[in-house]
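What follows is a single structure, written as structure tokens, with notes after it.
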Amino acid sequence: MAQAISMAMGDPRSNLEQLIRKNGDDFSSLSRMLGKNPAYIQQFIKRGTPKKLDEIDRRKLAEFYAVDEQVLGGAGQIPGSGSASIASHNLVRIKQLQVEASAGPGSLADDDAIQDNMAFGAKWLKQLGTDPANLSLISVDGDSMDPTLCDGDDIMVDHSAAERPLRDGIYVLRMDDVLLVKRLALRPSGKLSIRSDNDRYPNWDDVKPQEVNIIGRVVWTGRRL
């Protein structure tokens with residue numbers, strides 16, 4: 001708390017930038033966490049736009065970094081209450097991989113380096129029934145899964161699903177070195193049905209399971225409006 005009080009004496013923009021750099025975060029991922037455009041935090045810190053953080057955004061950031069809102073330009077908190085008492089473990093960061101799953105003609109995806117991360121509530125993640133370490137975020141490329149998934153959507157993939165019996169749903173899979181996102185179903189014959197939600201694209205109804213490498217099941221999607 002002493003550190004938070006010391007920081008509160010400085011400029012909120014400088015304080016936020018210090019927190020970001022100290023924790024190894026970046027402007028764009030924090031902006032997306034707030035539901036803003038990727039440049040929102042950078043513009044606030046570097047250009048002074050907006051002049052001050054919106055109250056809801058300020059509270060989310062204070063909770064994320066477990067600091068008093070006064071550090072980020074708020075009026076301060078009563079000791080022992082408010083955002084200063086909320087531990088940062090209430091938010092869990094999910095890695096965002098530098099790959100795209102094609103929902104179109106198909107795209108190669110060999111580079112799975114961590115590009116970014118996004119924070120989600122620990123309680124919400126627990127409802128997914130999997131260890132957050134098994135989750136990652138990737139982007140959708142193409143429109144074969146319209147309207148369910150659109151080009152540019154972020155999808156959360158549960159990799160542990162690849163080790164469990166297949167159940168009907170949307171999966172990320174690899175076929176012939178191409179990373180795809182498709183709707184899968186197990187047929188009575190034991191073969192797989194691989195389908196696109198956009199009827200302008202072809203489906204495959206008798207695929208041998210050994211020809212498909214299941215990467216994980218899609219459990220959440222987010223998109224920009």
Side-chain angles (χ1 to χ4, degrees), residues 7 10-75 83 86 88 90-104 107 109 111-125 128 132 135-157 170 172 179 181 198 218-225:
M7 291 184 66
D11 177 65
R13 292 180 178 82
S14 298
N15 290 344
L16 179 56
E17 186 169 19
Q18 287 181 46
L19 289 167
I20 292 171
R21 299 194 184 284
K22 180 180 178 181
N23 288 275
D25 298 320
D26 62 84
F27 298 150
S28 61
S29 62
L30 285 178
S31 298
R32 286 195 292 270
M33 181 187 79
L34 299 174
K36 306 291 187 179
N37 72 75
Y40 175 74
I41 291 295
Q42 183 177 19
Q43 290 175 343
F44 170 70
I45 291 175
K46 302 297 186 181
R47 299 183 182 179
T49 304
K51 292 183 178 180
K52 64 179 182 178
L53 291 168
D54 179 81
E55 182 179 352
I56 295 177
D57 295 339
R58 186 178 64 240
R59 183 175 301 118
K60 287 181 180 179
L61 290 169
E63 291 176 1
F64 185 69
Y65 287 116
V67 298
D68 195 294
E69 286 190 45
Q70 186 179 359
V71 171
L72 302 176
S83 62
I86 300 177
S88 60
N90 286 339
L91 291 171
V92 178
R93 301 181 188 187
I94 303 301
K95 59 184 178 292
Q96 189 169 22
L97 303 181
Q98 193 173 339
V99 297
E100 293 179 326
S102 177
S107 62
D111 183 4
D112 61 353
I114 297 176
Q115 169 182 280
D116 213 333
N117 61 68
M118 292 178 67
F120 294 82
K123 183 178 180 180
W124 182 84
L125 288 173
L128 297 179
L135 301 172
S136 69
L137 294 162
I138 63 177
S139 296
V140 173
D141 177 26
D143 63 352
S144 77
M145 289 301 291
D146 278 355
T148 309
L149 300 175
C150 298
D151 184 43
D153 283 356
D154 291 314
I155 55 176
M156 183 182 292
V157 182
I170 299 176
V172 174
L179 202 65
V181 55
N198 187 336
V218 177
V219 294
W220 173 88
T221 182
R223 68 183 50 160
R224 300 174 184 85
L225 297 178

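Side chains included, hydrogens not; waters and symmetry mates left out as well; all remaining heavy atoms used.
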- Task: Check step by step if side chain to side chain contact (heavy atoms under 4.5 Å, CB included) holds for Asp154 and Thr221.
- Result: CA-CA 6 Å; Asp154 291 314; Thr221 182; 6.0 Å; no

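Taking both residues in full, the closest heavy atoms of Gln96 and Arg32 are given as OE1-NH2, 3.3 Å, listed atom of the first, atom of the second, then distance. In this structure, Cys150 and Pro147 approach most closely via the heavy-atom pair SG-O, 4.1 Å. Closest approach of Arg58 and Leu72 over heavy atoms only: CD-O, 3.5 Å. Taking every heavy atom of both residues into account, Arg13 and Pro50 meet most closely at NH2-O, 3.1 Å. In terms of heavy-atom proximity, Ser28 sits nearest to Asp26 at OG-OD1, 2.8 Å. Listed here is the closest heavy atom pair of Ser31 and Ala39: OG-C, 4.3 Å.
Separation of atoms CG (Leu30) and CE (Met118) is listed at 10.5 Å; rounding is to 0.5 Å. Distance NZ/Lys52 to CZ/Phe44: 10.5 Å, rounded to 0.5 Å. Once rounded to the nearest 0.5 Å, the distance linking CG of Leu137 with CG of Asp153 reads 12.0 Å. Residue Gln43 holds its CD atom at 5.5 Å from CZ of Arg47, rounded to the nearest 0.5 Å. Rounding to the nearest 0.5 Å gives a distance of 5.0 Å between CD1 of Ile170 and CG of Leu149.
Between the side chains of Tyr65 and Asp25, a donor-acceptor pair is found at a separation under 3.5 Å.
Look at Arg59 and Glu63 and you find no salt bridge, because none of the NZ, NE, NH1 or NH2 atoms lies under 4.0 Å from a carboxylate O. Using a cut-off of 4.0 Å between Lys/Arg side-chain N and Asp/Glu carboxylate O, Asp57 and Lys36 are scored as salt-bridged.
In this structure, the side chains of Asn23 and Arg93 come closer than 4.5 Å at one or more pairs of heavy atoms. At a threshold of 4.5 Å between non-hydrogen side-chain atoms, the residues Ile155 and Val172 count as touching. The shortest side-chain heavy-atom distance between Leu135 and Leu128 falls under the 4.5 Å cut-off. Contact annotation: the side chain of Glu17 never approaches that of Ile20 to less than 4.5 Å [non-hydrogen atoms, C-beta and beyond]. You'll find the side chain of Leu61 reaches within 4.5 Å of the side chain of Leu34, heavy atoms only. Contact annotation: the side chain of Met156 approaches that of Leu125 to within less than 4.5 Å [non-hydrogen atoms, C-beta and beyond]. Looking at Ile94 and Pro132, their side chains come closer than 4.5 Å, going by heavy atoms from C-beta outward.
Looking only at distances, no side-chain donor or acceptor of Asp143 sits under 3.5 Å from a matching main-chain atom of Asp146. A donor-acceptor pair is defined here as one N or O able to donate and one able to accept, closer than 3.5 Å; such a pair exists between the side chain of Asn37 and the backbone of Tyr40.
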